[in-house]
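Reminder, nothing fancy here: chain letters follow the sequence lines and each chain counts from 1. From a predicted model like this one, the values you see are computed outputs, not experimental measurements.
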Protein chains: 2
Amino acid sequence: MKIGELSRATGTNIETIRYYERIGLLPEPDRTAANYRSYGDPHRARLTFVRHSRELGFTIEEIRSLLDLSDDPARDCSEADRIASRHLAQVEEKIAQLTLLRDELTRIVGRCRGGVAADCRVIEALGDHGHCESAH
Amino acid sequence: MKIGELSRATGTNIETIRYYERIGLLPEPDRTAANYRSYGDPHRARLTFVRHSRELGFTIEEIRSLLDLSDDPARDCSEADRIASRHLAQVEEKIAQLTLLRDELTRIVGRCRGGVAADCRVIEALGDHGHCESAH
DNA sequence: TATGCACCCTGTAGCAACTACAGGGTCAAG
DNA sequence: CTTGACCCTGTAGTTGCTACAGGGTGCATA
Ligand SMILES: [Zn+2]
Ligand SMILES: [Zn+2]
Ligand SMILES: [Zn+2]
Ligand SMILES: [Zn+2]
């Protein structure tokens, strides 16, 4: 399969596929006589793994570790568990942070009664954290 | 006040202050005889506005628009309201997205029972979105 | 007077994870 | 034989900083 086909099969931008190869996340595929990249099913599975992990928010380096692990089927899987748990914790923290932000923004947006910039409570609130109710 | 003092007064990295000047977010300050930047209270207020807005998640371009607005006190403030509301909507969307992610990750992490990588349900789940319960 | 040290300057390069060209080659259909 | 779709490499841009390298300035101390 050529790169365009792999791109369509996995919903991945062609440039992104080449990028993953360049950084060593995907192995270099064979080439045709015309120097075109030629992929097989293992490549497709690996790229699917990468894209799905990215959609779940894992970083490239985390994915690299997870791939190393799955390349070595006899290894203990506890590292995968640790990586996923740590990532979950980060997502939970990010949610907590954004929730604080959302509450603060809701308060700020609600203060505007229209008028000129000089009197705008939104602009005033942005210039002074003292008007905030949380540490955000 | 010199840049180090402004840095301490606002909790902003010195390099960041110079960066904001370079991209035109902060005006070029006067210079001392030794070519050191020299700031006054209006600079401090402006930088405080920028930092607080950044902490609330506004982009540099949004902050640029908000600053333009507050530089022109007679202007109608509805644009500020629009920018803040749109940002709030984005934050809410991000929270919704991360919540889906969190639920999916929780499910995935919960599947690991230990053992070798070949049998790991975490690695299996990462390689196949078919195991997911939401669109995340 | 020398010298150490904290501070300041400019300019450039790096981070994450892509994305977007420019400038060229390949191949099948009409 | 040309048109169009596809492929190649290499480089530069995105966002919002951060980290030097390689220099200059200013004040206190030995
Ligand atoms: Zn207003
Ligand atoms: Zn605040
Ligand atoms: Zn496992
Ligand atoms: Zn999924």
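In this structure, CZ of A:Arg31 is placed 10 Å from C1' of D:dC7, rounded to the nearest angstrom. Remark: P of D:dC17 and OH of B:Tyr19 are 7 Å apart, rounded to the nearest angstrom. Between the CZ atom of B:Arg8 and the C1' atom of C:dC7 there is a distance of 9 Å, given to the nearest Å. Per the geometry, CD belonging to A:Glu28 stands 14 Å off C1' belonging to D:dC8, to the nearest Å. For A:Glu5 and D:dC7, the CD to C1' distance is 13 Å, given to the nearest whole Å. Whole-Å rounding puts the A:Gln90 CD to C:dA16 P distance at 14 Å. In this structure, CG of A:Leu26 is placed 11 Å from P of C:dC18, rounded to the nearest angstrom. In this entry the distance linking CD of A:Glu21 with P of D:dT9 reads 7 Å, nearest Å.
Taking 4.0 Å as the cut-off between side-chain N and carboxylate O, B:Arg8 and B:Glu5 do not count as a salt-bridged pair. Ion pairing of A:Asp81 with B:Arg113 is absent here, as no side-chain N (NZ or NE/NH1/NH2) approaches a carboxylate O to less than 4.0 Å. Look at B:Glu21 and B:Arg18 and you find no salt bridge, because none of the NZ, NE, NH1 or NH2 atoms lies under 4.0 Å from a carboxylate O. We find that A:Arg86 and A:Glu62 are joined by a salt bridge, their nearest charged nitrogen and carboxylate oxygen being less than 4.0 Å apart.
Listed for the B:Ser7 side chain is no donor-acceptor partner under 3.5 Å among the backbone atoms of B:Ile3. For the pair A:Glu104 (side chain) and A:Ser134 (backbone), a donor-acceptor distance under 3.5 Å is present. The backbone N or O of B:Thr12 sits nowhere less than 3.5 Å from a side-chain atom of B:Thr16 that would complete a donor-acceptor pair.
Terminal axes of the helix from C:dT1-D:dA30 to C:dG30-D:dC1 (five pairs each, C1' rotation axis) are separated by 30°, to the nearest 10°.
Phosphate proximity of C:dA17 to A:Tyr20: absent, as no side-chain N or O sits under 4.0 Å from OP1 or OP2. Residue B:Arg37 places at least one side-chain N or O closer than 4.0 Å to OP1 or OP2 of C:dC9. Dashed line: the shortest gap from a side-chain N or O of B:Thr16 to OP1 or OP2 of D:dT18 is under 4.0 Å.
Residues from residues 47-55 of chain B with heavy atoms under 4.0 angstrom of DNA chain C: there are none. Heavy-atom distances under 4.0 Å link DNA chain C to A:Thr59, A:Ile60 of residues 58-67 of chain A, given in residue order.
Sorted by first then second residue, the salt bridge (charged side-chain N to carboxylate O under 4.0 Å, His left out) pairs that include residues 116-136 of chain A, not counting sequence neighbours, are A:Arg107-A:Glu133, A:Arg111-A:Glu124, A:Arg121-A:Glu124. Screening residues 68-100 of chain B for ring-ring contact (aromatic ring centres under 6.0 Å, His included) gives B:Phe58-B:His87 as the qualifying pairs, with residues at least two apart or on separate chains.
Linking Ile, Leu, Val, Met, Phe, Trp and Tyr residues whenever their side-chain heavy atoms come within less than 4.5 Å places A:Ile60 and B:Leu101 in a single cluster. Linking ILVMFWY side-chain heavy atoms closer than 4.5 Å, directly or via other members, places B:Leu25 and B:Ile17 in a single hydrophobic cluster.
Side chains of A:His52 and B:His136: a donor on one and an acceptor on the other come within 3.5 Å. Side-chain contact annotation: A:Tyr20 with A:Arg51, donor-acceptor N/O pair under 3.5 Å present.
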Protein proximity profile, nucleotides 20-30 of chain C - base contact B, sugar-phosphate-only contact S, no contact -, cut-off 4.0 Å on heavy atoms: BB---BBS---
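Two residues are said to be in side-chain contact when any heavy atoms from C-beta on lie closer than 4.5 Å; B:Lys2 and B:Ser38 fail this criterion.
Residue-level contact check: A:Ile14 touches the backbone only, with heavy atoms under 4.0 Å from sugar-phosphate atoms and none from bases.
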